[in-house]
Amino acid sequence: IFLVISCPCALMISIPLGYFGGIGKSSKNGILVKGSNYLEELRKVSTIVFDKSGTLTEGKLKVLKITAENGYSEERVAQLAASVENYSNHPIARAIQAYYRGEVLSDKVSNVKEIAGKGIKAKVAEDKVLIGNKKLLKEAGITINKGQDNDNIIFIALAGKYIGSIEVAEKIKESSFKLMDKLGNIKKIMLTGDNEEKAKLVAEQLNIDKYYFSMLPDDKVYALEEILNNEKTGKVAYVGDGINDAPVLA
């Protein structure tokens with residue numbers, strides 16, 4: 001014979017303590033949770049959408065190679081790039097800043113404007129400088145050398161003339177591999193501004209179920225709306241960092 005006694009006090013004590021313990025443990029690991037209801041919502045997540053650069057990858061790019069064109073030296077190309085990128089916190093900008101140890105022309109740089117998904121426009125002395133991907137230079141009517149179609153290459157133009165390029169590279173975080181294993185059957189989707197070839201390489205290494213490529217910040221919003229509309233059984237979570245992810249996080 002068993003006598004079963006039910007006491008609501010046990011539930012009223014253990015459940016809040018479970019949430020408090022979870023929030024406390026999260027904060028020790030650098031994760032801030034707004035409330036216990038958000039921990040509860042995580043249980044219902046069936047799809048997680050990831051940004052790539054700085055989220056799944058280290059975001060710490062390294063300059064591999066500088067190529068100078070049209071009579072300019074590698075030193076001059078690096079100096080112009082570092083001087084303009086000195087006004088940006090983008091991972092590419094930080095890589096160029098870390099690489100160039102010479103004198104930057106900060107006092108001669110003006111009218112700096114970052115263009116999401118493309119690069120930077122600025123003036124150095126009286127000359128207009130463009131630093132970014134091939135889309136940025138193409139819009140300005142500037143032709144780059146054939147065969148340099150690579151998202152790892154940053155192109156530089158001075159006074160309407162192509163003067164060189166900087167090749168950079170990034171690495172997948174070790175923690176990303178561990179995370180994907182722990183997520184198990186949760187569907188994993190990646191959004192990136194990189195081209196299809198580069199996106200596919202990262203997706204294959206991390207066993208990502210689906211990926212979207214060549215995306216501007218607004219494109220990420222449309223992609224997430226599509227994913228939300230297709231998700232019928234659970235919740236969708238988004239993980240990202242940086243200015244490019246602000247619209248989709250909002």
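The first residue of the sequence shown is numbered 1, and numbering continues consecutively from there.
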Approximate separation, where rounding is to 0.5 Å, of I227 CD1 and K220 NZ: 11.5 Å
Residues in side-chain contact (heavy atoms from CB on, under 4.5 Å) contact with P247, at least two apart in sequence or another chain: P217, V221
Considering all heavy atoms, the nearest N207-K188 contact: O-CE, 3.7 Å
Exercise answer: donor-acceptor pairs, residues 111-126 side-chain atoms, under 3.5 Å, sequence neighbours excluded:
{"from": "E114", "atom 1": "OE2", "to": "S88", "atom 2": "OG", "distance (Å)": "3.1"}
{"from": "K118", "atom 1": "NZ", "to": "E139", "atom 2": "OE1", "distance (Å)": "3.4"}
{"from": "K118", "atom 1": "NZ", "to": "E139", "atom 2": "OE2", "distance (Å)": "2.4"}

Minimal non-hydrogen separation, T55 against S176, with atom names: O-OG, 4.1 Å
K138 vs I144 side-chain heavy atoms within contact, under 4.5 Å: no
E231 side chain vs T233 backbone, donor-acceptor pair below 3.5 Å: yes
Co-members of L64 in a cluster of I, L, V, M, F, W and Y side chains, linked at under 4.5 Å: none
Sidechain-backbone polar pair: N133 side chain, K135 backbone, donor-acceptor under 3.5 Å: yes
From OH (Y211) to NZ (K198), nearest 0.5 Å: 14.0 Å
Pair R94, Q97: side-chain N/O donor-acceptor within cut-off below 3.5 Å: no
Donor-acceptor contact present, side-chain K173 to main-chain G54, <3.5 Å: yes
Atom pair OG1 (T57) and CE (M190), whose distance is rounded to the nearest 0.5 Å: 9.0 Å
T47 side chain vs V236 backbone, donor-acceptor pair below 3.5 Å: no
Inter-residue atom distance K232.NZ - S46.OG, 0.5 Å rounding: 12.0 Å
Nearest non-hydrogen partners of G35 and I23, listed with the distance: C-CD1, 4.1 Å
Smallest separation among heavy atoms of D241 and S53, with atom names: OD1-O, 3.3 Å
Spacing of I189 atom CD1 and Y212 atom OH [to the nearest 0.5 Å]: 5.5 Å
Non-hydrogen side-chain atoms of Y72 and L158 separated by less than 4.5 Å: yes
F155 vs L136 side-chain heavy atoms within contact, under 4.5 Å: no
Any donor-acceptor N/O pair, N86 side chain to A82 backbone, under 3.5 Å: no
Between NZ on residue K108 and CG on residue L80, distance to nearest 0.5 Å: 10.0 Å
